[in-house]
Amino acid sequence: TLLFRSIQLKISKTILNKRNSMKNIVFGLVFAFAMPSLCVADDAKKDIVDTAVGAKKFGTLVAAVKAASLVDTLKSKGPFTVFAPLDSAFAKLPEGTVAELLKPENKKKLAGILTYHVLSGSVMAKDAVAAAKDGAMVKTVQGKKIKLSIKDGSVYVNGAKVVKTDIKCSNGVIHVIDAVILPPAK
């Protein structure tokens, strides 16, 4: 994380020193978005669920995946792209929200929220950056679309900042986000 922040600062300074030419901005965004993958051990032998469990920063997400009966799906062949909220992202939700969603009677609602964080196919950081430049709306497994955008040199998914990218798994890829994204009301 320290290495990534240092690299981000150097890239930001370089971009600013070059007077923000479009080429330098695009290069900086692609490099800053893809760089965290070089700082994370490539453990592509594990599936998405086992990778999340092993990271120990996704305890709430893993518990929710289990409660929604999505473990088998996210362990299947895929491939999938998961925008995975950290435990700290779930902690930002109003008090009692997670406990309420984990109840058996809310299984369908929870599954809808979780599958809203999943895309079919492996979307790597460089492709997400390209799509975000155009403000792409991308269909999720849940059926509704999420918006990819760029703000202040960072990629966002419906307002949630992507904080780590390209965690390769045997059945797809994980990108870490700092907030839980909620699907729009019907």
Side-chain angles (χ1 to χ4, degrees), residues 33 36 44 46-125 127-132 134-151 154-186:
F33 194 71
K46 293 182 180 177
D47 61 49
I48 288 169
V49 174
D50 291 340
T51 301
V53 169
K56 298 182 179 158
K57 294 183 179 187
F58 303 106
T60 308
L61 177 62
V62 171
V65 166
K66 288 177 182 177
S69 298
L70 293 173
V71 172
D72 290 341
T73 301
L74 291 175
K75 286 177 106 17
S76 70
K77 185 177 178 180
F80 303 105
T81 298
V82 177
F83 292 101
L86 293 162
D87 287 337
S88 57
F90 283 96
K92 293 177 187 177
L93 294 172
E95 190 174 332
T97 302
V98 174
E100 187 66 26
L101 287 170
L102 292 176
K103 290 180 179 178
E105 61 267 24
N106 292 321
K107 182 177 176 177
K108 185 176 178 180
K109 182 176 183 179
L110 178 60
I113 292 169
L114 294 174
T115 56
Y116 190 62
H117 290 77
V118 181
L119 306 179
S120 184
S122 285
V123 179
M124 302 307 286
D127 299 317
V129 168
D134 298 328
M137 297 295 291
V138 183
K139 188 175 180 180
T140 66
V141 170
Q142 185 257 9
K144 300 218 163 95
K145 293 182 179 185
I146 55 173
K147 182 176 182 176
L148 301 177
S149 59
I150 295 176
K151 179 181 172 189
S154 296
V155 174
Y156 287 80
V157 179
N158 280 15
K161 185 176 183 179
V162 177
V163 295
K164 190 172 281 194
T165 63
D166 289 349
I167 301 171
K168 296 177 186 173
C169 306
S170 63
N171 62 343
V173 63
I174 297 172
H175 302 297
V176 182
I177 56 177
D178 70 351
V180 177
I181 56 174
L182 300 173
K186 294 180 182 182

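Of the inter-residue distances, the one linking Phe90 atom CZ with Leu101 atom CG reads 9.0 Å to the nearest 0.5 angstrom. Between atom CE of residue Met137 and atom CG of residue Leu148 there is a gap of 9.0 Å, rounded to the nearest 0.5 Å. The distance from the NZ atom of Lys144 to the CG atom of Asn158 is 12.0 Å, given to the nearest 0.5 Å. If you take NE2 on His117 and CZ on Phe83, they are separated by 10.0 Å, rounding to the nearest 0.5 Å. Taking CD1 of Ile174 as the reference point, atom OG1 of Thr165 lies at 12.0 Å (rounded to 0.5 Å). Between the CD1 atom in Ile150 and the CG atom in Asp134 there is a gap of 9.0 Å [rounded to 0.5 Å].
Val163 has its side chain within reach of Leu86: a pair of non-hydrogen atoms, C-beta onward, lies under 4.5 Å apart. In this structure, the side chains of Leu182 and Tyr116 stay at 4.5 Å or more apart for every pair of heavy atoms. Within the 4.5 Å cutoff, side-chain heavy atoms of Leu119 are placed close to those of Ile146. Residues Ser154 and Val162 are not in side-chain contact: their nearest non-hydrogen atoms beyond the backbone lie 4.5 Å or more apart. The side-chain heavy atoms of Val155 and Val129, taken from C-beta on, include a pair separated by under 4.5 Å.
Contact between Val141 and Ser120 at its shortest, heavy atoms only, is CG2-N, 3.9 Å. Contact record, Ala160 with Ile181: CB-CG2, 3.8 Å, taken as the closest heavy-atom pair. Closest approach of Thr140 and Thr115 over heavy atoms only: CB-O, 3.7 Å. Nearest heavy-atom pair, Gly172 versus Pro79, reported as atom, atom and distance to 0.1 Å: CA-CB, 4.2 Å. Of all the heavy atoms in Pro94 and Thr97, the pair that sits closest is O-OG1, 2.7 Å. The heavy-atom pair separating Gln142 from Gly112 by the smallest distance is CG-O, 3.2 Å.
A donor-acceptor distance shorter than 3.5 angstrom exists from the side chain of His175 to the backbone of Asp166, with no hydrogens or angles considered. Judged purely by atom type and a 3.5 angstrom limit, Asp47 has no side-chain atom pairing as donor or acceptor with the backbone of Asn171.
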Between side-chain atoms of residues 61-73 and protein atoms elsewhere (two or more places apart, or another chain), which donor-acceptor pairs fall under 3.5 Å?
residue, atom, partner, partner atom, Å
Ser69, OG, Lys107, NZ, 2.9

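Using a 4.0 Å cut-off between a side-chain N of Lys or Arg and a carboxylate O of Asp or Glu, Lys161 and Asp178 do not qualify as a salt bridge.
Heavy atoms of other residues, nucleotides or ligands lying less than 6.0 angstrom from NZ of Lys145 number 12 at most.
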Apply side chain to side chain contact (heavy atoms under 4.5 Å, CB included) to residues Thr51 and Phe58 and explain how you reach the verdict.
CA-CA 10 Å; Thr51 301; Phe58 303 106; over 6 Å; no
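Legend: salt bridge (Lys or Arg N to Asp or Glu O under 4.0 Å) pairs involving residues 80-100, not counting sequence neighbours, sorted by first then second residue: Glu100-Lys103.
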